[in-house]
**Student:** 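What follows is a single structure, and I will ask about it in a moment.
Proteins come first, then strands; the chains are lettered A, B, ... in the order of their sequence lines, and each starts at number 1. The figures here come from the full heavy-atom set of this structure, side chains too, leaving out hydrogens, waters and symmetry mates.
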Amino acid sequence: MLELRFHGRGGQGGVTSAELLALAAIADGKFAQAFPSFGPERRGAPVKAFARISEAQIRNRTAVTTPNIAIVLDPSLLTIVNTSEGLVEGGIQVVNSTHSAKALREEIGLKGKLVVVDANKIAAEEIGRVITNTTMLGALIKATGIVSTDLLIEQLKKRFGRIAEGNIKAFNRAYEEAVVAE
Amino acid sequence: MAVRKGIESSLAIAEAAAACNVDCIAAYPITPQTHIVEHLSELVNDGVLDAEFIPVESEHSAMSCCCGTAAAGARTFTATSSQGLALMHEIMFIAANLRLPIVMTVANRALSAPINIWNDHSDVMTERDCGWLQIFGENGQESTDLVPICHKIAEDKRVLLPIMLNFDGFIVSHVVEPIEMLTREEIATFLPDYEPQQRLDVDNPITMGPVGMPEVYTEAKMAHEAAVRNAYGPICEILEEFGQKFGRTYKPVETYKTEDADIVFVMMGAASETCMSWVDKVREQGKKVGIVRFRLWRPLPVEAFKEAVQGKKVLGIIDRHFSPGGAGGPVAQEVKYTLYGEKDAPKAVEVVAGLGGRDIDFDTFDKIFDRCQKVLDGGEVPPFELIQARGGHYGKI
């Protein structure tokens, strides 16, 4: 079973990221769940969302505390939230940042295999707003191949309808531009 | 077999209510139930569901409205949580004693104060004695399936009682998960149109809810007690029929790996799902432990429960609510009621956990198991305990 933790800020769509991923996995015939870490949902406050994906039925309804993959939607969270917390041995962090993996590792102490993409820039250019949830999914899929890009794009179309195009472009660009470092 | 669809449990539950072709929904939004009534209002607005959606100004009005529509013969659905359920309190008793077959889903959430939107069972347990039937779903699939089951139970001529369908707020209500959805056509083969036995009708007037003088009040209560208790048979039949038709069989009491277990955990709601994974893990370490879960809470399935724990040595009973200064948690109280005076009754280790959204995780189950193991090894039964409280519990009740 794969366990994922999404770090974002209220209003950035971290919950939607987790949901789209789970929906794509379920459409692929797998078992999956996605849920937010609920709180007073203040716009801008650090929030978490969780997802689990498995070949078998998932029987666990607790928060993800030992993720295989952590996804950081907002660069400003890196210095105020310990996104590496509980990351399993050999875990992956998919990070929205303008810095290199080396710098993130040395200066902030990020652990695990790092996948870095400047999602703010991509989202601003393709969607017109710095909402990075769909962009970050591109980097996540590139790094992990959890589900196929086609299945995920299918979910983007379903969720966003008329405004799906920008999100799909941002997703595809992040898939291309994300740098996977060991 | 239907295809598993990825959907948020709340939306699946709303879709199930719509597929039951409900006539009337009166509701007021409250977290974490909101998505259910929001989605139903969309379905009504979009013409997908031909029903009256009555947006009321409070939950007190919501339940009052439900009483009115059910009394008029409409298939009636509502949903609430926490403070909303508490605000319905006085009307809850009226709905029950007027024998109105309302179905209400409750996304269980803690009561204030301190203000807390997360899940525990303090809302439902405060309504324990209101005379409704009460049932608990464990996950999205079960909670969704229980919607048509609840309508059928409530409207059964041998039952005619309101029923509360509980599932944990957020950890069930807000989880996107794979659910096999039944279509309106499939549900129609299971749930016939509602035919009220009596209804408010201006052309054939009757009185519902008159004064009950001391001369009749006790008899009215006795009749209600009999109605709730006697609902057990029809409930079992209906659960069985659903299983036969759709392949998912639900029992009033569920067991998991109890056959060879000396220690059995007893609980309700979604915690049992996580507990199953924990049981699988510790069984690999040779720990013989199982789970008994109450799905049905009212009427209390006394005999089925006794059978489920027959021959067990120690019960670890987990409550998500308790009575301060009283006899601990409600599940523990009622479990002890069923076993009092029984020969070789298992010992009871009582814990309260999962209050106000605290996860009941593997560590919690480990702690409970340790206490049970000590008792199994001949140790004294520890006092009722808020097992997750930092700094420890102050001691005996």
**Student:** I'd like to know if the side chain of B:Arg4 and the backbone of A:Ile26 have a donor-acceptor N/O pair within less than 3.5 Å.
**Tutor:** no
**Student:** Between B:Glu138, B:Lys5, B:Glu177, who has the most heavy-atom pairs with chain A when the cutoff is under 4.5 Å?
**Tutor:** B:Glu177
**Student:** Measure the CG-OG1 distance between B:Asp361 and A:Thr65 for me, rounded to the nearest 0.5 Å.
**Tutor:** 7.5 Å
**Student:** Would you say that more than 12 heavy atoms from the other residues, nucleotides or ligands in this model lie under 6.0 Å from the NZ of B:Lys257, or not?
**Tutor:**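 Enclosed: over 12 neighbouring heavy atoms sit under 6.0 Å from NZ of B:Lys257.
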**Student:** Is the number of heavy atoms from other residues, nucleotides or ligands under 6.0 Å of A:Glu165 CD greater than 12?
**Tutor:** no
**Student:** If we define contacts as heavy-atom pairs under 4.5 Å, which of A:Ala51, A:Ala63, A:Ala25, A:Ala18 has the most with chain B?
**Tutor:** A:Ala63
**Student:** Does NZ in B:Lys288 sit with more than 12 non-hydrogen atoms of other residues, nucleotides or ligands closer than 6.0 Å?
**Tutor:**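 Atom NZ in B:Lys288 is not packed in, count stays at 12 or less.
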**Student:** Would you check if the side chain of B:Asp359 reaches a backbone N or O of A:Thr62 as a donor-acceptor pair within less than 3.5 Å?
**Tutor:**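 Checked: no pair found.
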**Student:** Please flag which part of A:Ala34 lies under 4.5 Å from any non-hydrogen atom of chain B: side chain, backbone, both or neither.
**Tutor:** both
**Student:** Looking at B:Val172, B:Ile115, B:Ile360, which has the largest count of heavy-atom pairs under 4.5 Å with chain A?
**Tutor:** B:Val172
**Student:** Is the Lys NZ or Arg CZ of A:Arg61 less than 6.0 Å from the centre of B:Phe170's six-membered ring, within 45° of the axis?
**Tutor:**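 Negative - A:Arg61 is either too far from the ring of B:Phe170 or too far off its axis.
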**Student:** What is the minimum heavy-atom distance between A:Ala32 and B:Pro178, and which atoms define it?
**Tutor:** O-CD, 3.1 Å
**Student:** Could you tell me which non-hydrogen atom of A:Leu23 sits nearest to which non-hydrogen atom of B:Ile7, and how far apart they are?
**Tutor:**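 Minimum heavy-atom contact is CD2-N, 4.1 Å.
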**Student:** Is there side-chain contact between B:Tyr256 and A:Arg59, with heavy atoms separated by less than 4.5 Å?
**Tutor:** yes
**Student:** For a side-chain contact (heavy atoms from CB on, under 4.5 Å) with A:Gln57, tell me which candidate from B:Glu273, B:Met276, B:Gln141 qualifies.
**Tutor:**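 With A:Gln57 as partner, B:Glu273, B:Met276, B:Gln141 yield a single side-chain contact (heavy atoms from CB on, under 4.5 Å), made by B:Glu273.
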**Student:** Below 4.5 Å from any heavy atom of chain A, which atoms of B:Asp168 appear? Answer side chain, backbone, both or neither.
**Tutor:**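 Neither the backbone nor the side chain of B:Asp168 comes within 4.5 Å of chain A.
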